[in-house]
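To keep things clear, I will list the structure first and then write my remarks on it.
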Amino acid sequence: MTVITRFAPSPTGMLHLGGARTALFCYLFSKHMGGQFLLRVEDTDRERSTPEATQAILNGMRWLGLAWDGDVVYQSRNQARHAAVVQQLLDAGKAYRCYASPEELEEMRASAMAAGLSPRYDGRWRDPAPNTPIPDRPPAIRLRAPQTGSTVVNDLIQGRIEVDNSQLDDMVLLRSDGTPTYMLSVVVDDHDMNITHVIRGADHLTNSFRQVQLYQAMGWPIPEFGHIPLIHGNDGQKLSKRHGAMGLDAYRAMGILPMAMRNYLLRLGWGHGDDEIISDAQAIEWFDLSGVGKAPARYDLDKLLYLNSHYMKQLPPDALMQALQPFLAEWKQERFGQPLLPDDLARVQALLPALLQRAQTLVELTEGSDFLLNPHRPTPDEAAAAKLAEANSAGVLSALANRFDQRQPTAAADFESTVKELANDLGKKMPEVAMPLRAALTGRLQSPAVGETCAALGLQRVLERLRAA
RNA sequence: GUCCCCUUCGUCUAGAGGCCUAGGACACUACCCUUUCAAGGUAGCGACACGGGUUCGAAUCCCGUAGGGGACGCCA
């Protein structure tokens, strides 16, 4: 039998790390098994679902590189089918109409709590006494769930879990307004889509017992379940806006590469021996649910950044430049009000290997390229300004300008040897000459080696900046 | 409150009774390299939550305790 998995987000917000990892695991598992990976948007909550969120999820999936098979399924379009299933259940006596009011339900929960039980519906409309007056309001439809015995889920990750049926109440299938609930919709859609493996966050674990009861009521085969532990924030608390629950788009904006994100997410909760850097092909070859741990994992930005810098260095220069270009263009436009030119790209690419050692994200790479994009001499930061203000700086810089003018260096090595030669002639140590030079060219005290820096800038700009300093 | 789950270095993990004086990676520290900052190299710091069993032998099995998490909606 072909394995079919699905990722089923509800479009009520951005696609965040937890969802992205679930999607990745579903994807890898199906590919590993030679199966299919489907995408279903659970948009049955018309209050909270938005087209923007749907779009954000789709974009996030594409950016992460998780291609789904077939068309996206929109759950809201299956409502008639969901209602029809409930009718079947009603006809078979496996579901019933419940007229309890919200206030009554609230009371039931409160009294159950007070009695030391878990809050739940008491089943009063399951078998109403004869002649019970029917309230003048439309009923919700509930599943007539077994009240004795137990329900078992053999979870591929969590293991065998058994819950006493007395803990589970009769869940609502159809609301009083006739719309299907999530519990009903997932089961019907998963069945109709022939999902063989339901892989989702562990927050759904307890839901699966009720869902199993529904499968049983319909006489449908029960899929395999795999509940992935949740991701926690830095502080061990549930992932929230504060730490990491940023949408995937935020990571893209900070210059994270999709492959780095994939590798990071893969290693969060899953391991394969001592392997850390894992290619997509290896991920598909190695991934299995038995390698997924049971404990929740914490989100750690440092490791993501490390992986990102690794993949930036690994990327062929052309591909890196292509990924970097939009960031450079935005930087130049916003800072200097000018469009990015082919010349800019050439300068950045020339210095790319050196720049790469000093950046963990595309944004940092762009920051490091600032002096190459700046049409003028960069305004020195505090430390650079102090260096330039030192007594011997002005003299060194004009001597440097004269010497460069005289030697006409072009290659990094030529610039470097010229600087060394001058330092020697002046009886100064290398840093005494190199640091003012760096400050004049880049406005900072940190930059790639001065030879490379000069060469990337070109003699003309170097002279301009030295004379303007 | 009730039910369910989890617990190896700060973090992600390896470990499926002897291979473990517990391995790798990130982070951190030191040194090397060096014109700055990095990168790189080398070394170091650092964990089996606790208490009982079972066993010749336990990080690995069992039972408690503590701590953490999740679920208990006519949300998904």
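Everything numeric in this text was worked out from a predicted model, so none of it was measured. Lettering of chains follows the sequences in order, A, B, ..., and the numbering in each one begins at 1.
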Rounded to the nearest 0.5 Å, how far does [atom2] of [Y] lie from [atom1] of [X]?
X      : Y      : atom1 : atom2 : result
A:H232 : A:D300 : NE2   : CG    : 15.0 Å
A:M246 : A:Y299 : CE    : OH    : 4.5 Å
A:F371 : A:R461 : CZ    : CZ    : 11.0 Å

Return the minimal non-hydrogen interatomic distance between [X] and [Y], and the atom names on each side.
X      : Y      : answer
A:D164 : A:S150 : CA-CB, 4.0 Å
A:P229 : A:V292 : CD-CG1, 4.1 Å
A:L265 : A:L17  : CD1-CD2, 4.0 Å

Quiz item: Can you tell me if A:D155 uses its side chain to pair, donor with acceptor, with the backbone of A:H227 under 3.5 Å?
Solution: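 It does hold such a pair.
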
Quiz prompt | Flag, side chain of A:Q282 to backbone of A:S279, donor-acceptor distance under 3.5 Å | solution =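 Side chain of A:Q282 to backbone of A:S279, a donor-acceptor pair under 3.5 Å: yes, one is there.
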
[X] [atom1] to [N] [atom2]: how many Å, rounded?
X      : N     : atom1 : atom2 : answer
A:Y182 : B:A76 : OH    : C1'   : 6 Å
A:N165 : B:C72 : CG    : P     : 18 Å
A:L441 : B:U35 : CG    : C1'   : 13 Å
A:L305 : B:A39 : CG    : C1'   : 16 Å
A:D169 : B:C3  : CG    : P     : 15 Å
A:Q357 : B:U36 : CD    : P     : 16 Å
A:D177 : B:C74 : CG    : P     : 12 Å
A:E452 : B:U34 : CD    : P     : 16 Å

Scan [X] against the nucleic acid and name what it touches under 4.0 Å (heavy atoms): base, sugar-phosphate only, or nothing.
X      : value
A:L105 : base
A:A100 : base
A:K420 : nothing
A:A449 : base
A:E432 : nothing
A:P102 : nothing

Between [options], which nucleotide gets closest to the side-chain atoms of [X]?
X      : options             : result
A:N207 : B:A76, B:U35, B:G1  : B:A76
A:P431 : B:G1, B:A71, B:U35  : B:U35
A:D203 : B:U2, B:A38, B:A71  : B:A71
A:E42  : B:C72, B:C74, B:A76 : B:A76
A:Q167 : B:C26, B:A76, B:U2  : B:U2
A:M113 : B:A76, B:G1, B:A39  : B:G1
A:T44  : B:G1, B:U35, B:A76  : B:A76
A:L230 : B:G70, B:U36, B:C74 : B:G70

Quiz item: Quick one: does A:R120 reach the base of B:U2 with a side-chain donor-acceptor pair under 3.5 Å?
Solution: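 By the distance-only test, no, there is no pair.
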
Practice problem: Tell me, yes or no, whether the heavy-atom count around A:R377 atom CZ, taken from other residues, nucleotides or ligands under 6.0 Å, exceeds 12. | Solution: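 It does: A:R377 CZ has more than 12 such atoms within range.
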
I'd like the [atom1] distance from [M] over to [N], given in whole Å.
N     : M     : atom1 : result
B:A66 : B:G10 : P     : 24 Å
B:G24 : B:G67 : C1'   : 28 Å
B:G17 : B:C62 : P     : 12 Å
B:U8  : B:G44 : P     : 25 Å
B:C56 : B:C50 : P     : 25 Å
B:C48 : B:G15 : C1'   : 10 Å

Any strand counts, and the cut-off is 3.5 Å on both contacts for Watson-Crick or G-U wobble. Which nucleotide pairs with [N]?
N     : result
B:A58 : none
B:G1  : B:C72
B:U36 : none
B:U42 : B:A30

Taking N or O atoms only and anything under 3.5 Å, show me the protein contacts with nucleotides 46-48 of chain B, one pair per line.
none

Quiz prompt | 5' priority, RNA chain B, between A:R438 and A:L304 [closest heavy atom] | solution =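 Closest to the 5' end, via its nearest nucleotide, is A:L304.
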
Self-check item: Nearest-nucleotide 5' precedence on RNA chain B, A:P180 against A:P448
Solution: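 Upstream on the strand: A:P448.
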
With a 4.0 Å limit, can you tell me whether [X] has a side-chain N or O closer than that to the phosphate oxygens OP1/OP2 of [N]?
X      : N     : answer
A:R444 : B:C37 : no
A:Y306 : B:C26 : yes
A:R142 : B:C74 : yes

Enumerate the protein-to-nucleotides 41-45 of chain B contacts in which both atoms are nitrogen or oxygen and the separation is below 3.5 Å.
none

Exercise. Give a yes or no on whether a salt bridge exists between A:D169 and A:R210, defined as a side-chain N under 4.0 angstrom from a carboxylate O.
Key: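 A:R210 and A:D169: salt-bridged.
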
Quiz item: Do A:R403 and A:D425 meet the salt-bridge criterion of a basic N to acidic O distance under 4.0 Å?
Solution: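 Answer for the salt bridge query: yes.
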
Exercise. Under the ring pair (Phe, Tyr, Trp, His ring centres under 6.0 Å) rule, what do A:F415 and A:F404 come out as? Steps first, then yes or no, please.
Key: CA-CA 8 Å; A:F415 276 105; A:F404 282 152; 5.2 Å; yes

Practice problem: Report yes if the distance between the aromatic ring centroids of A:F25 and A:F287 is under 6.0 Å, otherwise no. | Solution: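 For A:F25 and A:F287, the ring centres are under 6.0 Å apart.
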
Quiz item: Does the salt bridge (Lys or Arg N to Asp or Glu O under 4.0 Å) test come out yes or no for A:E42 and A:R6, once each step is laid out?
Solution: CA-CA 12 Å; A:E42 310 226 314; A:R6 88 317 197 254; 5.3 Å; no

Quiz item: Taking protein heavy atoms under 4.0 Å as touching, what does nucleotides 4-21 of chain B look like 5' to 3' if B marks base contact, S marks sugar-phosphate-only contact and - marks none?
Solution: SSSS---SBSS-------

Practice problem: Check whether the side chains of A:T442 and A:R444 place a donor and an acceptor atom closer than 3.5 Å, and report yes or no. | Solution: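 No - no donor-acceptor pair under 3.5 Å links their side chains.
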
